[in-house]
2 protein chains.
Amino acid sequence: MSLREEILEVSKELLIKEGFSKLSMRRIAERADVSATSIYLYFKNKDDLLLALIEESIENLKASLMEVVDASKGFLMQLEDMARAYIEYALNHPQEYEIIYMVRPEEMPKYPKEKFMNIRSGYELLADIIREGHDQEQIDVEDALINAYTLWAQLHGVVSVILNKRLDTRIPQQQFIEQALENIIRGFVMQKTQA
Amino acid sequence: MSLREEILEVSKELLIKEGFSKLSMRRIAERADVSATSIYLYFKNKDDLLLALIEESIENLKASLMEVVDASKGFLMQLEDMARAYIEYALNHPQEYEIIYMVRPEEMPKYPKEKFMNIRSGYELLADIIREGHDQEQIDVEDALINAYTLWAQLHGVVSVILNKRLDTRIPQQQFIEQALENIIRGFVMQKTQA
DNA sequence: ATGAGAGGTTAACACTGTTAAGTTAACAAT
DNA sequence: ATTGTTAACTTAACAGTGTTAACCTCTCAT
């Protein structure tokens, strides 16, 4: 394993075990048994390293979503499956999920915004399913891509509130998730009474 | 103006002008023309100071929501008004909004989680409106408080995606907001065909 | 006048990301 | 076989961070 890979591996371990706030260059270096400056031989700076971690997390998230795609199911079912898969991934891999949204593009202008758009194919995947629903006149949407983004945003909001521990203690997490899923999905279903 | 107020004032200025990442104790101190350690006479630590800023932001956010409450309007209209007011506040005061969700309770265990729940009355406000809709059998909800949280979470997701600059450049922001609002609101409307 | 306390300061510690300069080893060319 | 070059790595240092301990200085009540 190259040192670059070693650094990435160790960084990921550290991220998962100790969280984003403990992820410092010197700690990574220590764990990898090299000097901190060696990291700069393989990454321009910390943001560059984080970006590599982010991309990996995005790949994992996308893979999780891909797994539940099953064209034989109805699209409503697929929509719900994907929504559940999204939430599940986020809650099961909190650090890996959060790092995706933690690092802010505006704070690292060196990188093209495109880098952060790697997740794009994930949206396309969602857009495809939404389009399918529209074709079968069971989902009431105009622009599938925009709706994919709104769906994604709503899901992100749900997991974000949970991960940031902003949920009222009076509210059971699972019930919150179920209610949110219900409301979100219903927001996409065609209202035939209006048509 | 007491030094404590002065520090808060200066901190808020610095936060708005230069953003969260530039908000350091020494910079605050410099702007307030005192030594950095003086801040510790009035705040236990940086988190304590941030918490004061957060509380102020929450008050402002709540006030913005209160402003649009108008019982004479239909609750669906009220719901939309509040949702718009939420998004508007977040986009018009990005730093003040973000700080609310930026600081993480788990990273400052010294403070009771209750502190972060000051926003609770905002949820109650929302819950009241939702309850009203339920009473008039125009909104399909079981537990109003849970639904207030899911609504809030969805709105947070929408503004979060925008503020974090994660929106695809192909997608016009305003169109995204309108579509999201439509989907979110519809998620709460009763589907009479099912009843 | 003296003691106490409020309200501030300076110096320092242990961190952080990052850079410049130096070292060391491997390998190619003369 | 001795150079020169390059890659891979290290040490030392800079500027910045949050935070604490120790100190000063002024005001005011006894």
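Proteins come first, then strands; the chains are lettered A, B, ... in the order of their sequence lines, and each starts at number 1.
By the 4.5 Å heavy-atom criterion applied to side chains, A:V158 and A:I184 are counted as neighbours.
Between the side chains of A:E56 and A:N60, no donor-acceptor pair is found at a separation under 3.5 Å. With hydrogens and angles left out, the side-chain atoms of B:D168 and A:Y123 include no donor and acceptor closer than 3.5 Å.
Rounding to whole angstrom units, NZ of residue A:K22 and C1' of D:dG18 are separated by 13 Å. Regarding B:L23, its CG atom lies at a distance of 12 Å from the C1' atom of D:dG18, rounded to whole Å. C:dG7 atom C1' lies 15 Å from atom CD of B:E6, rounded to whole Å. In this entry the distance linking NZ of B:K44 with P of D:dT20 reads 11 Å, nearest Å. Taking atom CD1 of B:I28 as the reference point, atom P of D:dT17 lies 10 Å away to the nearest angstrom. One interatomic measurement links the two molecules: NZ of A:K46 to C1' of C:dT19, which rounds to 17 Å at whole-angstrom precision. Rounded to whole angstrom, the span from the CZ atom of B:F43 across to the C1' atom of D:dT19 amounts to 16 Å. Separating the CG atom of B:N45 from the P atom of C:dC15 is a distance of 18 Å, rounded to the nearest angstrom.
Contacts of B:K73 classified as side-chain contact (heavy atoms from CB on, under 4.5 Å), with partners at least two apart in sequence or in another chain: B:D70, B:M77, B:Q78, B:D81. For A:S64, the side-chain contact (heavy atoms from CB on, under 4.5 Å) partners are A:Y89, not counting sequence neighbours. The ring pair (Phe, Tyr, Trp, His ring centres under 6.0 Å) search around A:Y86 returns A:Y97, A:W152, not counting sequence neighbours. For the ring pair (Phe, Tyr, Trp, His ring centres under 6.0 Å) test, no residue two or more places apart in sequence or in another chain qualifies with A:F176.
Interface residues of residues 29-42 of chain B facing DNA chain C, ordered by number: B:V34, B:S35, B:T37, B:S38, B:L41, B:Y42; criterion, heavy-atom separation under 4.0 Å.
When the C1' atoms of four end pairs are superposed on the next four at each end of the helix from C:dA1-D:dT30 to C:dT30-D:dA1, using five pairs per end, the two resulting axes differ in direction by 30°, to 10°.
Residue B:R27 is classed as a sugar-phosphate contact, given heavy-atom separations below 4.0 Å to backbone atoms only.
Out of D:dT19, D:dC9, C:dT18, the shortest distance to the side chain of A:R26 is found at C:dT18.
Heavy-atom neighbours of A:E18 CD from other residues, nucleotides or ligands within 6.0 Å: above the threshold of 12.
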- Intermediate values then yes/no, side chain to side chain contact (heavy atoms under 4.5 Å, CB included), A:R27 and A:L14: CA-CA 8 Å; A:R27 284 169 79 101; A:L14 216 58; 3.8 Å; yes
